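Reading through the structure tokens given below for one structure.
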Amino acid sequence: MDRLVTIAQFLVDEILSRPAYLIGLITAAGLLALRKSAGQIVGGAIKATLGFLLIGAGATLVVDALAPLGRMIQGATGAHGVIPTNEAIVGIAQERYGARVAWLMILGFAVSLLLARFTPLRYVFLTGHHMLFMATLLTMVLAIGGQASWVVVAVGGVLLGILLVALPAFAHPWTKRVTGNDSVAIGHFGTAGYIAAGATGRLVGGRSRSTEEMDLPEGLRFLRDSMVATALSMVLIHLVTSLVFLGKVGRTAAFKAFGDDGAAGAAGVGDYVMRSVMQGLQFGIAVAVILFGVRTILGELVPAFQGIARKLVPGAVPSLDAPIVFPYAPNAVLVGFFSSFTGGLVSLGLLAWIFHPAFGLALVLPGLVPHFFTGGAAGVYGNATGGRRGAALGAFVNGVLITFLPALLLKVLGAFGEENTTFGDADFGWFGTLVGYAAKAGETGGALLMLLIGAVVLLGAIVVQKRVVETGWDPGAHRDALLPPDKGPTAGATDTGGPAVTYGKIAPPRGAPKPPPPPGRQG
């Protein structure tokens, strides 16, 4: 008996409680269920395990890169500055909550399949990395709220499952406007921003012509490379912050920003500036390592999930990552990115001048990566309902959301609010904040309140599905009526390999029955 107990303790303490091993075992089980060969099962399990270890390695690099920046921001502004980066905060949280995140993620996906099978919400969420991000967020806010481990996994899994089918339904009328059909749904936790952008476009668009009639410089398209965008954004942020900090506190104090943890401070102004540049580049490397780890894990998990989903939910609509809509309006992506970033800058100013002094909200710095991916998608949604004005103003609204919502979310993240990073996309902000405050209402009361929030979201999505999606409501129909048939946009996107645009409605690319798969990295 003692030997059995020892074996059980070994399995629990050394394997099942180790997230990397647990992910590997889950991957192996999924591949086994799909009747893969022994080599594919072993290889997939090892790759998933290594991917998880890569996330941890990248997280260490992120912390090292952000530490000097945090000191400079606090010294220059007197406020706590935060850079929203989903991969970074997930990597930091894995060491403490990794096992619970893994179980919650698996339970949440299983719940979503059941809901897709037995409710009108027949969406299968296949954006695996965002599934992991939301599982991590829910684990964090429930655990920080004082919930027991089993409540974290059980209640969090139910909430995750609800979100995976509900949010695509809320966005689907707007997504259909973009794609022109029901072949794909949006499966990305920036949904609130996309709906807000579409609604803004509907409000302000009028006769505004499509962005796809504009010719934007090809030179700006390098920002679609996430590693380049991350490194560039962080280099610029580090440089500007370091120079402001230097001007405010002087050389002696500024040079010490790089001298903590036993490291020598900067030797001169040139060294100080170039250290700032290197910190930004190191952050780009760190996020690239984490992204590679996430891709490695999900490259094995997602195919298994897809196979299981096809068997359990026949006829389901796949919910895919935000860049799935990029080819429908390539110019709107860039318009959306710049407008969203502008919204982030304006919101940062409001936080610094009003909301930080009055309410203690942290300063949320606009990063190029979240603003490019969510802002770009918001631009496409805004363009679909409101043309150029819709793309610009709709994405601006998205930029405001992904600045203020992360600031509110930090209030429920406890000690993790001091890590100089947080979750960046809109749905993490509003849902995490609601659930985080509900979790603090005690174990029983908190669990009931969180489940009530989930029930409201689920019922709301079912109503939208039955009364809006299935009735064929088109949020851009009023704009079609305003644009004369002989003056509707007909050129632009097809010249660059994108989709055709007709009378304000964006049709699928010619010769392609379905939208193309999303690019490699998605925000």
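Only a predicted model underlies this, so the values are computations on that prediction, with no experimental measurement involved. Computed from heavy atoms alone, side chains included, the values below leave out hydrogens, waters and symmetry copies.
- The closest side-chain heavy-atom distance from V364 to P84 is below 4.5 Å.
- Put simply, the side chain of V412 does not reach to within 4.5 Å of the side chain of M140, judged on heavy atoms.
- Evaluated for a side-chain contact (heavy atoms from CB on, under 4.5 Å) with F189, the options F431, F133, F125, F423 yield exactly one hit, F125.
- A donor-acceptor pair is defined here as one N or O able to donate and one able to accept, closer than 3.5 Å; such a pair exists between the side chain of D427 and the backbone of A192.
- Of all heavy-atom pairs between L345 and P366, the closest is CD2-CG, 3.6 Å.
- In terms of heavy-atom proximity, G424 sits nearest to P406 at O-CG, 4.1 Å.
- Counting heavy atoms from C-beta outward, H130 and F428 have side chains that approach closer than 4.5 Å.
- Residues M450 and L142 are in side-chain contact: their nearest non-hydrogen atoms beyond the backbone lie under 4.5 Å apart.
- Note: L401 CG to S347 OG = 8.5 Å, rounded to the nearest 0.5 Å.
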- request: Test S340 against N398 for side-chain hydrogen bond (donor to acceptor under 3.5 Å, both in side chains), laying out the working first.
  value: CA-CA 6 Å; S340 181; N398 176 79; 3.2 Å; yes
- request: Assess whether side chain to side chain contact (heavy atoms under 4.5 Å, CB included) is satisfied between K411 and T433, documenting all intermediate values.
  value: CA-CA 8 Å; K411 293 290 188 179; T433 301; over 6 Å; no
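- Of the possible polar contacts, none joining the Q279 side chain to the H238 backbone as a donor-acceptor pair under 3.5 Å is found.
- Annotation: side chain of V152 is not in contact with side chain of W103 (no heavy-atom distance under 4.5 Å).
- Proximity of a side-chain donor or acceptor of Q282 to a complementary backbone N or O of L61 within less than 3.5 Å is not detected.
- Below 30°, between 30° and 60°, or above 60°: for H188 and Y194 the angle between ring planes is between 30° and 60°, a tilted geometry.
- The shortest distance between side-chain heavy atoms of L126 and V124 falls below 4.5 Å.
- Checking side-chain atoms of S208 against main-chain N and O of R388 turns up a donor-acceptor pair under 3.5 Å.
- L410 approaches V82 most closely through the heavy-atom pair CD1-CG2, 3.6 Å.
- Remark: side-chain polar atoms of R177 are paired, donor with acceptor, to backbone N or O of A384 under 3.5 angstrom.
- When all heavy atoms of T175 and V184 are compared, the pair lying nearest together is CG2-O, 3.9 Å.
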Audit row: D182, H172, side-chain hydrogen bond (donor to acceptor under 3.5 Å, both in side chains) steps and yes/no: CA-CA 8 Å; D182 281 309; H172 206 51; 3.0 Å; yes
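- With hydrogens and angles ignored, the 3.5 Å screen pairs no side-chain donor or acceptor of T385 with any backbone N or O of P475.
- Residues F416 and R96 meet the side-chain proximity criterion, which asks for heavy atoms closer than 4.5 Å.
- The side-chain contact (heavy atoms from CB on, under 4.5 Å) test with V101 singles out one residue from T136, L137, L138, and that residue is T136.
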- request: Start with the C-alpha distance between F404 and F355, add both sets of side-chain angles, then the distance that settles ring pair (Phe, Tyr, Trp, His ring centres under 6.0 Å), and finish with yes or no.
  value: CA-CA 10 Å; F404 277 96; F355 292 94; 5.1 Å; yes
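- A185 approaches Y123 most closely through the heavy-atom pair CB-CD2, 3.7 Å.
- With a 4.5 Å cut-off on side-chain heavy atoms, L107 and V111 count as touching.
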